Amino acid sequence: MDQVKELADVPQEFVRDGVQFINRCTKPDKREFLKISQAVGVGFLVMGVIGYVVKLVHIPVNNILVGGS
């Protein structure tokens, strides 16, 4: 009977911890949201540039190695 009670306590404890976590969290204000959005945008831009440069370098190197037709 104790094992059943222990198994029933696990989801209740999980829900309780989840509710405490959500209540402790705060929404970002406008300035913080803009800062996060800007950082994400710069990250996308940097990753795009890196991908473009890799693709740009890969095409001629691949043609040299494979011997393009």
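What you see is a predicted model; the values in this text were computed from it and never measured. The basis for the numbers below is simple: all heavy atoms, side chains too, and nothing from hydrogens, waters or symmetry mates.
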Between [atom1] on residue [X] and [atom2] on residue [Y], distance to nearest 0.5 Å:
{"X": "Ile59", "Y": "Ile64", "atom1": "CD1", "atom2": "CD1", "result": "12.5 Å"}
{"X": "Leu65", "Y": "Asn62", "atom1": "CG", "atom2": "CG", "result": "6.5 Å"}
{"X": "Gln12", "Y": "Asp17", "atom1": "CD", "atom2": "CG", "result": "12.0 Å"}

**OP:** Not counting sequence neighbours, which residues clear side chain to side chain contact (heavy atoms under 4.5 Å, CB included) with Val10? List them please.
**Re:**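 Counting only residues at least two positions away or on another chain, Val10 forms no side chain to side chain contact (heavy atoms under 4.5 Å, CB included).
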Indicate every side-chain donor-acceptor pair of residues 22-32 with a distance under 3.5 Å to a residue at least two apart or in another chain.
unit_1, atom_1, unit_2, atom_2, d
Asn23, ND2, Val19, O, 3.2
Asp29, OD1, Glu32, N, 3.0

Original post:
Do the side chains of Val53 and Val61 join up, straight or via other hydrophobic residues, at under 4.5 Å, putting them in one cluster?
Top reply: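 Yes, Val53 and Val61 fall within the same hydrophobic cluster.
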**OP:** Following the transitive rule for hydrophobic clusters with a side-chain heavy-atom cut-off under 4.5 Å over Ile, Leu, Val, Met, Phe, Trp and Tyr, establish whether Leu34 and Val42 coincide in one cluster.
**Re:** no
Original post:
Under 6.0 Å from the CD atom of Gln20, do we count more than 12 heavy atoms belonging to anything else shown?
Top reply: yes
